[in-house]
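Presented below is the structure to which this report refers.
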Amino acid sequence: MEKPTREELIKIIEERIAQCTSCPLSFQRTNTVPGEGNIYSPIMFVGEGPGEEEDKQGRPFVGRAGQLLTKIIESVNLKREDVYITNVVKCRPPNNRVPKPEEISACSHFLLAQIEIINPRIIIPLGSTAAGFFLPDAGSISTIRGKEFDWIGGIKIFPMFHPSYLLRNPSNEPGSPKYLTWQDIKYVRKKYDEFIRGGANE
Ligand code: SF4
């Protein structure tokens, strides 16, 4: 029997997410938000969970914070289609609250399956919830952002601030969260070029 393609495997995960009722976040969702982007990219961004607009559209990072993430990605001449974007939980927590530990543990097998299929070389958790999922003991997001950590399977973890935090802290002064994020995304671009030159993730 032929091995399923990466596209087929991702489709299976998306279908399972669409039918999932493993945690109470399924009760109030309009749509599940599995993730989207280039499943051959060496770069994967992982946020916390879908917000209102994402829940409406079934797509990750399409609200205000998402528009800022798109701007951040485009600031280094990458496109959203060059990377894969998803969240730790695939259904919207009510009123955009932080997902509960039991919701994260009910959902995380989907994220881990996506990682296994896509096999990114570097994962960028956005904000403290996503960073805490990958690096539970590493420290607060302000101390670990912009640093590279080793993770399972040779994958690197490079945490960055969540764009919604940047919306609440709009200063561009040197040392501000936004300023640091522009530095961080330049590093991501550099890594992307290295991975692409090295033929990663084909
Ligand atoms: Fe299932 Fe995850 Fe949605 Fe909970 S958040 S219902 S575990 S897909």
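Start at 1 and go down the list; that is how both ligands and their atoms are numbered.
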Taking only distance into account, with no hydrogens and no angle test, what donor-acceptor pairs under 3.5 Å do side-chain atoms of residues 95-102 form with protein atoms, sequence neighbours excluded?
| residue | atom | partner | partner atom | Å |
| --- | --- | --- | --- | --- |
| Asn96 | OD1 | Arg92 | NE | 3.0 |
| Asn96 | OD1 | Arg92 | NH2 | 3.2 |
| Arg97 | NH1 | Glu103 | OE1 | 3.0 |
| Arg97 | NH2 | Glu103 | OE2 | 2.8 |

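- Aromatic ring centroids of Phe158 and Tyr187 lie under 6.0 Å apart.
- Inside a sphere of radius 2.8 Å centred on atom 3 (Fe) of ligand 1, the protein N/O/S atoms present are Cys91 SG.
- Taking a cutoff of 4.0 Å between a charged side-chain nitrogen and a carboxylate oxygen, Glu53 and Arg64 do not qualify as a salt bridge.
- A salt bridge links Lys11 with Glu15: at least one charged nitrogen is closer than 4.0 Å to a carboxylate oxygen.
- To the nearest 0.5 Å, atom CD1 of residue Ile117 and atom CD of residue Glu8 are 11.0 Å apart.
- Salt-bridge annotation for Asp193 and Arg197: absent, with no side-chain N of the basic residue lying under 4.0 Å from a carboxylate O of the acidic one.
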